[in-house]
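Since the structure is predicted, the reported quantities are computational estimates derived from the model, not experimental observations.
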Amino acid sequence: MNPTTVAHLRLSDLRRTNPAYEIVRGKDEFGQECWQATLCVEITQPMKEAGLVEVVRRPDYLSFLSALHRQTPILHSFRGTHLSPQPRTYAM
């Protein structure tokens, strides 16, 4: 498979397994590849204090995956609480 196909498959898998995030792959302000996940719910003060961040952004898939996976247990600890959804934009 070519690199673009692999990236699209990875992006599709990430979106399927992380529904609380809007995940995109694109170019940063310097024209370099960039992966970004934006949380689709409003972050409360307790979430911030627990270490949850609104945007996870990394220049490559592996570092992005690692950073996003560090956020997952933090987000899961807030399951069952009322979360205010944010609109999805799917653009970088």
Distance-only, no hydrogens or angles: does the N18 side chain make a donor-acceptor pair with backbone N or O of Y21 under 3.5 Å? no
Do the side chain of R15 and the main chain of S12 share a donor and acceptor less than 3.5 angstrom apart? no
Co-membership, hydrophobic cluster, residues I43 and I74, 4.5 Å side-chain: yes
Test: salt bridge (charged side-chain N to carboxylate O under 4.0 Å, His left out). Region: residues 3-14. Which pairs qualify, not counting sequence neighbours? D13-R16
Mind checking side chain to side chain contact (heavy atoms under 4.5 Å, CB included) for [X] and listing every partner two or more places apart, or none if nothing turns up?
X   : result
Q45 : K48, E49
P46 : T44, F78
S77 : none

Nearest non-hydrogen partners of E22 and C40, listed with the distance: N-SG, 3.4 Å
Any chance you could measure F64, atom CZ, to R25, atom CZ, to the nearest 0.5 Å? 12.0 Å
Who clusters with F30? Use side-chain heavy atoms, under 4.5 angstrom, across I, L, V, M, F, W and Y, and order the result by chain and number. none
For residues 65-72, which side-chain donor-acceptor pairs fall under 3.5 Å, sequence neighbours excluded?
| unit_1 | atom_1 | unit_2 | atom_2 | d |
| --- | --- | --- | --- | --- |
| S66 | OG | R70 | NH1 | 2.8 |
| Q71 | OE1 | V53 | N | 2.8 |
| Q71 | NE2 | G51 | O | 3.4 |
| T72 | OG1 | L68 | O | 3.3 |

Within the 4.5 Å heavy-atom criterion, are [X] and [Y] side-chain neighbours or not?
X   : Y   : answer
V24 : W35 : no
Q36 : V55 : yes
I23 : V56 : no

Given salt bridge (charged side-chain N to carboxylate O under 4.0 Å, His left out), test R57 with E33 step by step and report yes or no. CA-CA 11 Å; R57 187 175 186 179; E33 179 183 34; over 6 Å; no
